[in-house]
Protein chains: 2
Amino acid sequence: MAAVRRPTVRDIARHAGVSVATVSRVTSDDPRVRAETRARVQASIDAHGYTPSSLGLGLARRRHQALGVVLPGLGGPYFAELLRGVESVAAAHDTAVTVLGAHLRPDVAGAVERLARRTDALVVQAGTVDDAVLAAVADEVAVVVLAGSPQHPTTVRTDGESACRDVTAHLVDVHGHRRLRFVGLPPGAPEPAQRHRGFRRALSERGLVESGPPLSVGLEAVDGAAAARDLRASGDVPDALVCANDEIAFGLLATLPGLGYDVPHDVAIVGFDDNALAALAAPRLTTVHQPTAELGATAARLALAAASGEEEPTTDHVLPTRTVVRESCGCSPAPGARR
Amino acid sequence: MAAVRRPTVRDIARHAGVSVATVSRVTSDDPRVRAETRARVQASIDAHGYTPSSLGLGLARRRHQALGVVLPGLGGPYFAELLRGVESVAAAHDTAVTVLGAHLRPDVAGAVERLARRTDALVVQAGTVDDAVLAAVADEVAVVVLAGSPQHPTTVRTDGESACRDVTAHLVDVHGHRRLRFVGLPPGAPEPAQRHRGFRRALSERGLVESGPPLSVGLEAVDGAAAARDLRASGDVPDALVCANDEIAFGLLATLPGLGYDVPHDVAIVGFDDNALAALAAPRLTTVHQPTAELGATAARLALAAASGEEEPTTDHVLPTRTVVRESCGCSPAPGARR
DNA sequence: TCGGTGGATGTAACCGGTTACATACCCTAC
DNA sequence: GTAGGGTATGTAACCGGTTACATCCACCGA
């Protein structure tokens with residue numbers, strides 16, 4: 001492990017009989033090198049297995065060539081998909097991605113500050129870290145907030161409120177459900193809060209109120225399972241459950257039938273995200289599709305652009321969503337659809 | 001964003017009327033500074049909001065103060081838990097963690113090589129990257145392989161083969177199941193392959209053979225759901241399904257009941273990992289507990305130790321597992337247990 | 001009085017790259 | 001023959017830290 005000292009520019013320069021400047025020009029594809037010289041230098045580079053030190057390079061260029069991503073946790077298909085979008089853009093910019101799972105860290109603020117010191121730009125999921133910390137960090141690196149609110153300079157998001165209002169309206173208007181409850185509302189997370197607002201708006205527009213406070217304070221499958229058991233224990237299962245995301249809905253789907261409740265007959269369920277499992281679980285999940293990978297890609301693109309000094313004006317990017325009606329709401333399968 | 005130039009050691013030195021050496025001594029807690037001087041320097045540091053550049057520091061110390069982690073993907077509670085273990089150790093060593101989702105990257109080999117250049121040590125999940133690449137990278141950074149095989153220098157793992165053999169034995173010996181199938185066997189991943197071997201060993205020891213080839217080639221919930229639908233389509237549902245991990249089992253649990261199959265009455269299911277959902281889904285999941293966070297923590301500890309030059313001898317660390325019998329295998333709930 | 005000792009601080013080299021500017025050379029045009 | 005211009009390459013400073021070694025000073029004992 002790291003037994004031999006890695007070769008440096010000076011080693012290559014000496015071996016190839018040129019100056020360090022020429023070596024540097026070769027490694028950074030500067031055209032001002034005679035073809036013959038370039039070949040000789042390249043040969044030395046290959047012979048020694050030389051690769052420029054990222055530290056030296058970063059110091060000289062005053063650039064880390066790295067993008068930081070702050071997410072609440074690292075579990076769940078939603079974040080995996082988001083990261084896929086981020087990675088694809090980062091790879092195209094030859095930039096490393098450093099992810100920070102905020103919930104895994106005892107001292108989030110400190111961790112974010114340290115992260116800012118070793119990256120050029122940050123993509124931060126709203127609600128993972130104090131706005132004060134974000135502001136403090138914003139004059140060191142470019143910051144893009146995912147699902148941010150108007151007070152953040154640059155944000156990328158979807159309109160969760162309208163989307164959740166629409167899917168809730170479907171449950172009431174098409175299926176006639178009157179007793180609905182929301183599942184998944186962690187304190188401090190703006191995105192579930194938005195969806196919950198949309199849920200309540202749909203109800204109040206129809207003269208209804210939610211038939212109980214939101215269930216569960218987490219966003220993972222395990223929280224859906226816990227909610228299902230709480231519901232069963234209370235003996236009061238509503239007509240329909242509107243979930244803050246698909247993960248929670250799966251937790252319900254993996255628990256309610258075993259507890260004796262048929263979905264959607266005894267209780268209808270809708271999710272949010274439209275991840276891969278939504279189209280395969282049984283019943284297939286009615287949900288709101290959002291372009292998750294694009295959210296990540298857009299955020300990464302904006303962050304990297306800002307880091308290269310392209311002073312993008314303060315912007316709020318809203319990507320489109322689409323309600324996907326399947327069977328967990330009570331609809332029959334579309335003719336020809338795979339059950 | 002990055003509008004003002006950050007202060008450097010020389011700025012602080014000038015302002016405090018001392019030399020750079022003294023400033024450096026203060027920031028690195030060197031005791032050879034008079035208390036009074038230290039206070040003066042600290043005041044300047046605070047006044048300017050100075051924090052040492054990680055690049056300059058890294059260059060001088062020849063240390064990145066970063067740990068790389070290579071995992072297949074970033075989804076799923078298993079990896080989240082693993083990372084929690086890694087992060088806790090890294091935080092204690094004041095070290096940043098950079099995760100690489102191998103499946104998110106088109107060019108894994110290149111990505112790993114670049115990662116190696118900006119970290120001091122690598123924790124790599126076996127099967128995510130070619131052993132040749134690993135070997136090439138191993139003389140630049142310390143490498144610890146998770147779930148690795150004997151050919152890797154340092155590995156941390158559990159004995160998945162014995163564990164899976166035991167839980168399969170339970171299905172046959174206690175519940176009398178004869179027709180069993182395995183679910184989840186991605187090509188190239190050694191861990192599921194080990195578990196599959198244990199499964200087959202249990203069967204052959206009892207004069208049985210698996211009643212069909214392994215179902216599904218993925219390890220996520222969606223693969224379990226797909227397997228459930230394939231099984232339904234084939235019309236041939238076995239007595240029991242042994243899953244490579246809990247995630248797959250949940251995919252089954254969120255799909256089979258909706259397809260008309262009761263678990264465990266029509267088909268028994270067992271998982272592997274014992275993640276949080278296992279104890280809450282219905283029926284609760286019979287599975288193999290493994291100390292996931294500890295696996296990550298141990299790997300991180302070994303990697304960091306090796307990076308600091310502590311030439312740990314080649315080692316193979318095997319952490320213990322434990323079969324957890326609940327109800328998805330067909331057992332009745334233990335008296336007093338929460339259903 | 002003076003050499004010796006130890007503690008606090010400063011000087012300058014070094015880590016491994018990039019790059020502004022200088023230089024050397026060749027070719028062309030007057 | 002030489003001024004002028006373009007091209008290929010080299011020199012040395014710089015990026016922002018750390019640290020070996022030198023220096024300075026106060027205090028000690030002989």
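So you know, we letter chains A, B, ... as the sequences are listed, proteins then strands, and number each from 1. Predicted model, so just to flag it, every value in this text is computed and none were measured.
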Annotated protein contacts, base or backbone, on nucleotides 13-28 of chain D with a non-hydrogen cut-off under 4.0 Å, one of B, S, - each: --BBBSBB--------

For the residue pair [X] and [Y], confirm or rule out a side-chain donor-acceptor distance under 3.5 Å.
X	Y	answer
B/His317	B/Thr298	no
B/Gln151	B/Ser149	yes
B/His64	B/Thr119	no
A/Asp120	A/Gln65	no

Residues from residues 35-47 of chain A lying under 4.0 Å of DNA chain C - heavy atoms: none

Basic-acidic side-chain contact under 4.0 Å: B/Glu140, B/Arg117: no

Ionic contact status for A/Arg84 with A/Glu87, cut-off 4.0 Å: no

Test side chain to side chain contact (heavy atoms under 4.5 Å, CB included) applied to A/Arg157 - qualifying residues, sequence neighbours left out: A/Thr155, A/Asp316, A/Val318

